[in-house]
Amino acid sequence: MLNYAETHFKFPVSRLYRKEPVILIDAPFQICPGLPCPVWLIIRKANQFPVCINEVYGEWKNADGQSISFKLPVEKQFDKSFHFEELDFEKPENSTGIWMLKIFIKYRIDKKNKTCERWNYPFLQPKPLIINFLKELPPKPSGWLAGETHCHSSYTLDSVEFGAAPAVLQKAAKSVGLDFVCITDHSYDLISEKKFQKMKNEIAGAETDNYPSLHAGEEISCGNSKNENVHLLAFGNENYVEGHGDGGRRWWNTDPDLPIQKAIEKSGVFCFAAHPKLQMLFAEKLLLKRGHWSYRDLTENRISGIEFWNGFRGKDFYEGRELWVKCLLSGHKLLPLGGNDAHGDLNSYTAVKQPLWSLKHNNEHIFGQVRTVIPDTGKTPFSELPENLYITDGPALWLEKESGGKFILHARSTEDFGKFLSITIFRGEEGAEKIEQMKIDDSLSFDFEARSHTALYIRAECETSMGKFAMTAAI
Ligand SMILES: [Zn+2]
Ligand SMILES: [Zn+2]
């Protein structure tokens with residue numbers, strides 16, 4: 001995954017190279033009722049290319065034809081490697097629904113005055129920010145916590161990508177309605193124990209009062225059964241686990257440093273397979289020796305779960321879910337995990353499409369959009385394995401175990417996320433799942449009684465009219 005896009009990588013020659021810092025504007029994709037809407041000006045590599053930002057101006061618009069214009073004089077010199085400058089201009093107040101933010105930046109570099117819209121990325125059409133001011137808090141059972149389980153901070157910093165500062169992620173997490181954030185920077189970007197401890201210290205020093213909790217972890221590159229590099233999410237590991245194989249810094253040797261099981265043992269914590277069926281370029285497979293997680297990799301190592309919902313529901317989600325079900329049916333009750341793999345990317349995702357040549361922009365990896373919701377046991381998330389959880393980008397869907405093989409399936413949505421289109425129960429039985437569609441109407445809230453009888457497990461999924469989705473763990 002490659003973003004925010006870094007364009008200063010020019011070996012041997014890059015069409016993307018500019019003698020300018022990267023300049024862009026970012027803001028959370030949704031704002032919970034009554035919470036602020038922070039908007040950041042992000043500047044990267046101003047230490048090499050100092051820049052003066054003169055002014056930021058633009059317009060908010062919504063579908064009802066309302067608009068708010070603003071002009072913010074900045075007149076400030078930027079000269080550090082990273083800047084995350086929160087901008088204070090007029091925002092829609094007491095007005096819910098989707099707003100579009102068109103924003104321009106006037107800057108001066110090498111005595112030349114320039115203006116760009118949203119970012120100064122070359123050959124990438126500017127897109128307005130889209131922000132959903134929610135009418136209600138995202139639904140969630142009381143006593144449960146919603147978290148981001150896969151994201152990158154500014155400690156992910158290399159020739160092609162960089163993330164947002166932990167404090168920026170924490171503030172954004174609050175606005176979008178998260179309770180915790182697991183920061184999982186790449187082992188090949190953390191490089192050493194020293195840098196890992198620096199990240200842990202910065203995260204440990206984050207705000208605590210009334211803010212989502214931040215937890216340091218690591219996305220470890222390790223070797224699958226074919227000795228290809230796959231990614232492993234470790235939460236709360238005390239010490240750095242090396243994994244430089246596919247970091248792109250060691251072209252002469254792309255072999256994994258540790259096999260999966262060794263990396264898990266070294267981390268000393270519960271570990272999850274990251275994006276098991278990630279779609280990748282042929283060049284990534286060839287030059288970085290990247291591979292996929294197989295059934296064997298998942299069942300022969302002490303894996304606790306699979307993050308097959310990695311920001312969006314594409315081919316990798318469906319293939320990953322199929323692999324998960326195969327594991328469930330053979331008695332391996334792995335937990336499903338939802339994360340976003342965002343590198344900053346609070347509103348949309350910008351990344352390198354073809355190295356040295358072109359960039360892309362889409363909505364596939366937005367910070368805090370897909371969440372993993374777990375019961376609050378008072379302990380640090382994932383310091384123990386949750387007994388129950390669900391993953392969602394909108395509605396709440398959870399199974400409650402009662403006595404005598406009885407379960408209650410709860411489903412909740414809101415006007416923001418839409419009515420239910422389907423609620424489905426899956427029972428794992430002898431080599432296949434039995435599917436039961438539940439009877440629903442226009443209600444935003446359902447409680448069904450279900451029995452598992454002879455099933456190996458029971459699980460559920462739901463989809464709403466706004467294209468939102470949720471699924472439970474198998475219990
Ligand atoms: Zn990864
Ligand atoms: Zn990642």
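Numbering of ligands and ligand atoms starts at 1, following listing order. Residue numbers run from 1 in the order of the sequence given. Owing to the predicted nature of the structure, the values given are computational and were not obtained by experimental measurement.
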Worksheet item: Does NZ or CZ of Arg459 fall inside the cone over Phe426's six-membered ring, less than 6.0 Å from its centre and within 45° of the axis?
Response: yes
Worksheet item: Hey, which N, O or S atom on His275 ends up closest to the Zn ion (ligand 1)?
Response: NE2
Worksheet item: Do any of the N/O/S atoms of His186, backbone or side chain, fall under 2.8 Å from the Zn ion (ligand 1)?
Response: no
Practice prompt. Write the atom name of the N, O or S atom in Glu219 that is nearest the Zn ion (ligand 2).
Written response: OE1
Worksheet item: Do the side-chain N and O atoms of Glu242 and Tyr188 include a donor-acceptor pair separated by under 3.5 angstrom?
Response: no
Worksheet item: What's the atom name of the N, O or S in His231 nearest to the Zn ion (ligand 1)?
Response: ND1
Worksheet item: By atom name, which N, O or S atom of Asp341 is the nearest to the Zn ion (ligand 2)?
Response: OD1
Discussion item. Tell me whether the Zn ion (ligand 2) has His150 as a neighbour, meaning an N, O or S atom of it below 2.8 Å.
Written reply: yes
Worksheet item: Within a radius of less than 6.0 Å around CD of Glu86, do more than 12 heavy atoms belonging to other residues, nucleotides or ligands occur?
Response: yes
Worksheet entry | Phe49 six-ring centre to Lys19 NZ/CZ under 6.0 Å and within 45° of normal | no
Worksheet item: So, is the end of the Arg313 side chain (NZ or CZ) under 6.0 Å from the ring centre of Tyr318 and within 45° of the ring's axis?
Response: no
